[in-house]
*Asks:* 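Encoded as structure tokens, here's the structure I'll be asking about.
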Protein chains: 2
Amino acid sequence: MDAGFEAHVRVGEETFDGRDAALLRAVAAHGSLNAAASTLGRSYSRAHGRIGDLEAQAGPLVERERGGSEGGGSRLTENARELLAQFERLQAALEGTATTERLVLDGTVRERDGDLVTVETAAGTVGALALTTADDVQASFRSDAVTLHAPESAPGESETSARNRFEGDVLSVERGDGTALVRVDVGAGDPLAVRVTATSLRELALSAEDRVVASFKATATRATAAPDAGESGER
Amino acid sequence: MDAGFEAHVRVGEETFDGRDAALLRAVAAHGSLNAAASTLGRSYSRAHGRIGDLEAQAGPLVERERGGSEGGGSRLTENARELLAQFERLQAALEGTATTERLVLDGTVRERDGDLVTVETAAGTVGALALTTADDVQASFRSDAVTLHAPESAPGESETSARNRFEGDVLSVERGDGTALVRVDVGAGDPLAVRVTATSLRELALSAEDRVVASFKATATRATAAPDAGESGER
DNA sequence: CATCGATATGTCTATGCCGATACAACGGTC
DNA sequence: GACCGTTGTATCGGCATAGACATATCGATG
């Protein structure tokens, strides 16, 4: 039961997707559309047509050369490299959110101010951006959105823009490759997972049972409708 | 040229996507698969088959009733509501990252430690999670990942797990509905955009030309390959 | 027991996508 | 001028998907 996605970038009427990105990468790697298509197991004519369609919307993507000692070839334009980089940033960003753990807190909306809502949860009150008008909500946020502080030096409410703040005990520290996952009991059902660098782990001198303050921004917290048992309108 | 995606949740052999989610929502809203299919402009037989396929992997999704005064009907199981909620959280999370502004910093990798790299950029040195082995990279992060501090009370390096820190001048403050977008000049090409709540804006008393400290976590920063002008390996 | 509206199931067919194939044009090298 | 490997262009056929349609079944109601 794991999460996934297909990224794409709209460019005019066309939709540039992972398949297109692979094609451009292969062209860059092989120096010819022919070789690119065949290594991808795709037909040359389709690949050719696809590039034509994309170029009609995005401007020149490949510089073509016909004839010559090696028959010619194709190279990416600056334009194409830019598009590809944009796609890859998007892909990386989405990849991050799809694979990053999230903490989900069930709660009830207490206050609204535009998109911003105040939600009461088992762990305390949190601010969140609302994507729903329902009052029974789940507030969730990414484990990499949380900053840990030593309790004695945690900044005051009015000194930072991180509005949400929990205090709790470190349950476990799981060392990874350059980063570590710290689990903190904040009084909610599930522990709060926080991904930090190995350096931070060392400088905060964190280990199990230590007391820490966890802060995260309301604008990085999303409130979505809770899975309602009864009936209360669609969408 | 805007970003998008198609979310899906793998469940056994099947892939639960936005189309499936819409179907389940319509069933919940109308109380019958027949009405659901027809309001979605889809054929009943296909919709029926699709639900059967999904149930083979995910377990019961709808409770069916045949016959009766109103011919019967279908209602979602708890299981289905759970699946739908999971999908909607994913959708919301991805939606957030696809629409949230990102700051992109061009830079060069100076150091590696597992997935973690140190990147030198025009605005300063930042830690990031690397998704590439290239040395010319773009470090990017979400505008909602950045916490603002008053300069005098910004926490020290060893007191928090936010490893990246810039100091700069506020360029502009753009008030929205409950939140505001603060642009900070940090010496990079583009300004750093930070989304904060209206409350934070007030408590930090931010306005243009103020000096602020912006901090964000290395684990929320992603390094992707820069659009390389020359040739340096595929992928 | 006929009616009605829903579930349940199978088949036909239109459509879109894509690989496969064929063929022309190009321009260096031999 | 023949050769070669590429870029262009057009067409055919296979395959998967999904709508359209036909039909059977179910069960409360009147």
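Lettering of chains follows the sequences in order, A, B, ..., and the numbering in each one begins at 1.
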*Asks:* Classify the side chain of Ser45(B) and the base of dG10(C) as holding, or not holding, a donor-acceptor pair under 3.5 Å.
*Replies:*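 A donor-acceptor contact between them is present.
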*Asks:* Considering just the side-chain nitrogens and oxygens of Arg66(A), establish if one lies under 4.0 Å of OP1 or OP2 belonging to dG5(D).
*Replies:*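 For Arg66(A), the contact criterion (side-chain N or O under 4.0 Å from OP1 or OP2 of dG5(D)) is not met.
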*Asks:* Round to the nearest Å and state the distance from Arg42(A) atom CZ to dG19(C) atom C1'.
*Replies:*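 One finds 11 Å between C1' of dG19(C) and CZ of Arg42(A), rounded.
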*Asks:* Answer yes or no: does a side-chain N or O of Ser43(A) lie under 4.0 Å from OP1 or OP2 of dG19(C)?
*Replies:*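 Yes, Ser43(A) has a side-chain N/O under 4.0 Å of OP1/OP2 on dG19(C).
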*Asks:* Does a side-chain N or O of Ser74(B) approach OP1 or OP2 of dT7(C) to a distance below 4.0 Å, or not?
*Replies:*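 Checking Ser74(B) against dT7(C): at least one side-chain N or O falls below 4.0 Å of OP1 or OP2.
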*Asks:* Please report, rounded to the nearest Å, how far the C1' atom of dC4(D) is from the CD atom of Glu65(A).
*Replies:*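 Spelled out: CD on Glu65(A) to C1' on dC4(D) is 16 Å.
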*Asks:* What about Arg46(B): does its side chain form a donor-acceptor pair under 3.5 Å with the base of dG19(D)?
*Replies:*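 Side chain to base: pair present.
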*Asks:* For Arg110(A) and Thr118(A), test the side chains for any donor-to-acceptor distance below 3.5 angstrom and give the result as yes or no.
*Replies:*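 Distance-only check fails for Arg110(A) and Thr118(A).
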*Asks:* Side-chain N or O of Arg64(B) less than 4.0 angstrom from OP1 or OP2 on dA8(C)?
*Replies:*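 For dA8(C), OP1/OP2 do have a side-chain N/O of Arg64(B) under 4.0 Å.
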*Asks:* Rounded to the Å, how far apart are Arg50(B) CZ and dA16(D) P?
*Replies:*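 Distance check: Arg50(B) CZ to dA16(D) P gives 16 Å.
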*Asks:* Quick check: closest heavy atoms across Arg112(B) and Thr132(B), and the distance to 0.1 Å?
*Replies:*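 What the structure gives for the nearest pair is NH1-O, 3.7 Å.
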*Asks:* Arg19(A) side chain N/O closer than 4.0 Å to the phosphate oxygens (OP1, OP2) of dC18(C)?
*Replies:*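 For Arg19(A), the contact criterion (side-chain N or O under 4.0 Å from OP1 or OP2 of dC18(C)) is met.
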*Asks:* Rounding to a whole Å, what distance do you find between Leu40(B):CG and dA18(D):P?
*Replies:*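 My rounded result for the distance is 13 Å.
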*Asks:* Nearest whole angstrom, please: distance from the C1' of dT7(C) to the CD of Glu55(B).
*Replies:*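 It is 12 Å, rounded to the nearest whole Å.
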*Asks:* Once the angle between the rings of Phe216(B) and Phe141(B) is folded into 0 to 90°, is it parallel (under 30°), tilted (30 to 60°) or perpendicular (over 60°)?
*Replies:*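 Parallel: the ring planes of Phe216(B) and Phe141(B) meet at under 30°.
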*Asks:* For Tyr44(B) and dA24(D), what is the distance between atoms OH and P respectively, to the nearest whole Å?
*Replies:*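 One finds 16 Å between P of dA24(D) and OH of Tyr44(B), rounded.
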*Asks:* Mapping Gly71(A) and Glu70(B) to their closest nucleotides on DNA chain D, which lands nearer the 5' end?
*Replies:*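 Nearest-nucleotide comparison on DNA chain D picks Gly71(A).
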*Asks:* Atom CG of Asp53(B) to atom P of dG10(C): distance rounded to whole Å?
*Replies:*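 Computing the Asp53(B):CG to dG10(C):P distance gives 12 Å.
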*Asks:* Apply salt bridge (charged side-chain N to carboxylate O under 4.0 Å, His left out) to Glu55(B) and list each qualifying residue two or more places apart in sequence or on a separate chain.
*Replies:*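 Salt bridge (charged side-chain N to carboxylate O under 4.0 Å, His left out) list for Glu55(B), sorted by chain: Arg64(B).
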*Asks:* Would you please confirm or rule out a distance under 4.0 Å between OP1 or OP2 of dG5(C) and any side-chain N or O of Asn34(B)?
*Replies:*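 False: Asn34(B) side-chain N/O out of range (4.0 Å or more) of dG5(C) OP1/OP2.
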*Asks:* Using whole Å, report how far NE2 of His30(B) lies from C1' of dT7(C).
*Replies:*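 In whole Å, dT7(C) C1' lies 17 Å from His30(B) NE2.
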*Asks:* Taking the nucleotide of DNA chain C with the nearest heavy atom to each, does Gly68(A) or Gly41(A) sit closer to the 5' end?
*Replies:*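 Upstream on the strand: Gly41(A).
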*Asks:* Under a 3.5 Å threshold, yes or no: a donor from one side chain and an acceptor from the other, between Arg89(A) and Thr224(B)?
*Replies:*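 Thr224(B) and Arg89(A) do not have a side-chain donor-acceptor pair below 3.5 Å.
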*Asks:* Just N and O in the side chain of His48(A): are any of them under 4.0 Å from OP1 or OP2 of dG8(D)?
*Replies:*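 So the side chain of His48(A) is within the cut-off, an N or O lying under 4.0 Å from OP1 or OP2 of dG8(D).
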*Asks:* Between Ser69(A) and Ala47(B), which residue's closest nucleotide on DNA chain D lies nearer the 5′ terminus?
*Replies:*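 So the residue in question is Ser69(A).
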